[in-house]
Enquirer: 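Here it is, the structure, as structure tokens.
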2 protein chains.
Amino acid sequence: MPTSTREALVAAATDLLDEGGPERVTLREVGRRSGVSHNAPYKHFTGKQDLLAAVAARELDAYAEALRAGGHDGGLSRAVAAYVARALAHPARFRLVYGPWPAGVGQLGEAAERAWTSLVETVSAEQRAGRLPVTIGAVRLADLIRSTVHGAVDLELGGHLTKHEHGPASPVEVVEDLLAALRRD
Amino acid sequence: MPTSTREALVAAATDLLDEGGPERVTLREVGRRSGVSHNAPYKHFTGKQDLLAAVAARELDAYAEALRAGGHDGGLSRAVAAYVARALAHPARFRLVYGPWPAGVGQLGEAAERAWTSLVETVSAEQRAGRLPVTIGAVRLADLIRSTVHGAVDLELGGHLTKHEHGPASPVEVVEDLLAALRRD
DNA sequence: ACCTGAACACCGTTCAAGT
DNA sequence: ACCTGAACACCGTTCAAGT
């Protein structure tokens, strides 16, 4: 039972996104499920895109928490594994988050910033502990890891990654290969 | 001057996609620009999605050619650079190609297969030449490289990659860092 | 401040009909 | 085989009006 109309709208939009992707999300159905008219959302959001940005920002916060908690508990591998698990659990949200936003909606830029700051910190800590090479700066190394993680998840969601018989989920495997190569340096 | 209505439809859809993303592509505007009615496309494609799949398949063929020609000319780095250049030159097409296709449209699966076969071959050749480690199989190594390339391009298109003052385009830089780490093994 | 109902200008898709 | 025009069931967004 949502405490406010605004919350109900975001929840309904998230449910619809999970059910059938972005084209399933219509302001009319969102209103219907929230018990308001089809244009009540305009009192809480500037339009459909703004509502979807709220959904995306919320998911980015979940990414930030997964990366932070995983990094605190067990270092880089755990942080990445927690992030990958979250991303694969909600594919439509992942694609929304990294989808085509016109010139950075601002709200999203800040949330993305928060999400990845902790990864740079985790990378930096592993460098100081001698578990990652120091021949590359932490930010640049984080960009490499981030690219591989993002690409592996996105390819996996599209069914473009080679399937293996045993072992963990493919994206985790890909990232482990990267980390192994980096640590062999 | 397109030789057939079908070709005109694909060309118009591609132009509209480049101009304003997927939501700019409407069958009605595609028909308008092709000099036919708004439902003539149904005589050539099963629907809007099928038309977009044709656009995506065409772009995948361009990726295959870039990877093949680049790999033949100058090895892995050149192949990747050619692919990245093509992807960045047509951002909306890239996002369409790797976007959410319901259960692999078949037509696209085969085109994607063709596109990446040559990368595995290039990787395998570099392994034999001693320029890449043989501790990982060629397919698995290609998946790692592919993930990093894909992720770096996708993050760059979303403005999520850290900006650098000098040097080449960011995705190329990220991939060069990966290859350097792999070759240091 | 928040919400409603009607209206506008679009969509994708289907169908009966033409050549 | 290929195309057209009308029609259907939707959209997002705006607006005047209500409490």
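Proteins get letters first, then strands, A, B, ... in listed order; numbering begins at 1 in each.
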Enquirer: Work out which heavy atom in B:V25 is nearest to a heavy atom in B:K48; give both atom names and the distance.
Expert: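 Looking at all heavy atoms of both residues, the shortest contact is O-NZ, 2.8 Å.
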Enquirer: What does the list of N/O pairs under 3.5 Å between the protein and nucleotides 14-17 of chain D look like, with a distance for each?
Expert:
| residue | atom | partner | partner atom | Å |
| --- | --- | --- | --- | --- |
| D:dT14 | O4 | A:N39 | ND2 | 2.7 |

Enquirer: State whether B:R86 and B:E59 are salt-bridged, where the test is any N-O pair (Lys NZ or Arg NE/NH1/NH2 against Asp/Glu carboxylate O) under 4.0 Å.
Expert: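 Between B:E59 and B:R86 there is a salt bridge, with a charged N closer than 4.0 Å to a carboxylate O.
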Enquirer: Let me know the distance between CZ of B:F45 and C1' of D:dC3, rounded to the nearest Å.
Expert: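 In whole Å, D:dC3 C1' and B:F45 CZ are 15 Å from each other.
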Enquirer: Within the side chain of A:W101, is there an N or O that forms a donor-acceptor pair under 3.5 Å with the backbone of A:A53?
Expert: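 Between the backbone of A:A53 and the side chain of A:W101 there is no qualifying donor-acceptor contact (under 3.5 Å).
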Enquirer: Would you say C:dC3 has OP1 or OP2 under 4.0 Å from some side-chain N or O of A:T5?
Expert: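 Yes, because at least one side-chain N or O of A:T5 sits under 4.0 Å from OP1 or OP2 of C:dC3.
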Enquirer: Rounded to whole angstrom units, what separation is found between the NZ atom of B:K48 and the C1' atom of C:dC11?
Expert: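 Rounded to whole Å, this separation is 8 Å.
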Enquirer: What is the base-pairing partner of D:dA7, counting Watson-Crick and G-U wobble geometry with both distances under 3.5 Å?
Expert: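 When the pairing criteria are applied, C:dT13 turns out to be the nucleotide that pairs with D:dA7.
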Enquirer: Check the distance between D:dT13's P and A:E29's CD and give it to me in whole angstrom.
Expert: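 The answer, rounded to whole Å, is 17 Å.
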Enquirer: Could you label the plane-to-plane angle of the A:H150 and B:H150 rings as parallel, tilted or perpendicular, counting under 30° as parallel and over 60° as perpendicular?
Expert: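 Ring orientation, 0 to 90° scale: parallel.
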Enquirer: So which nucleotide from D:dC3, C:dG12, C:dA7 ends up closest to the side chain of A:R28?
Expert: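 Closest of the options to the side chain of A:R28: C:dA7.
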Enquirer: What is the separation between atom CZ on B:R32 and atom P on D:dG5, rounded to the nearest whole Å?
Expert: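 Value for this atom pair: 13 Å.
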Enquirer: Counting side-chain heavy atoms from C-beta on, which of D:dG12, C:dT4, D:dC3 comes nearest to A:L27?
Expert: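 Minimum distance to the A:L27 side chain belongs to D:dG12.
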Enquirer: Check this for me: does any side-chain nitrogen of one of B:R93 and B:E19 sit under 4.0 Å from a carboxylate oxygen of the other?
Expert: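 Salt bridge between B:R93 and B:E19, a charged N being under 4.0 Å from a carboxylate O: no.
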Enquirer: Please classify the nucleic acid contact of B:V25 as base, sugar-phosphate, or nothing, using heavy-atom distances under 4.0 Å.
Expert: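 Sugar-phosphate, no base atom in range.
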Enquirer: Please tell me if A:T26 has a side-chain N or O lying less than 4.0 Å from either OP1 or OP2 of D:dC11.
Expert: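 Indeed, a polar side-chain atom of A:T26 lies that close.
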Enquirer: What is the distance, rounded to the nearest whole Å, between atom CG of B:L16 and atom P of C:dC11?
Expert: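 So the two atoms are 10 Å apart, to the nearest Å.
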Enquirer: Which nucleotide, in any strand shown, forms a Watson-Crick or G-U wobble pair with D:dC2, with both distances under 3.5 Å?
Expert: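 For D:dC2, the partner nucleotide comes out as C:dG18, under the 3.5 Å rule.
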Enquirer: Could you tabulate the donor-acceptor pairs under 3.5 Å formed by side-chain atoms of residues 132-149 of chain B, not counting sequence neighbours?
Expert:
| residue | atom | partner | partner atom | Å |
| --- | --- | --- | --- | --- |
| B:R140 | NE | A:D177 | OD1 | 3.4 |
| B:R140 | NE | A:D177 | OD2 | 2.7 |
| B:R140 | NH1 | A:E173 | OE2 | 3.4 |
| B:R140 | NH2 | A:D177 | OD1 | 3.0 |
| B:D143 | OD1 | A:T162 | OG1 | 3.3 |
| B:D143 | OD2 | A:T162 | N | 3.4 |
| B:D143 | OD2 | A:T162 | OG1 | 3.0 |
| B:R146 | NH2 | A:H160 | O | 2.3 |
| B:S147 | OG | B:D143 | O | 2.8 |
| B:T148 | OG1 | A:T148 | OG1 | 2.8 |
| B:T148 | OG1 | B:L144 | O | 3.0 |

Enquirer: Specify the closest pair of heavy atoms between A:G47 and A:Y42, including all atoms of both residues, with the distance to one decimal.
Expert: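 That closest heavy-atom pairing would be CA-CE2, 4.0 Å.
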Enquirer: In this structure, how many angstroms lie between the C1' atom of D:dA1 and the NE2 atom of B:H44, rounded?
Expert: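 In whole Å, D:dA1 C1' lies 9 Å from B:H44 NE2.
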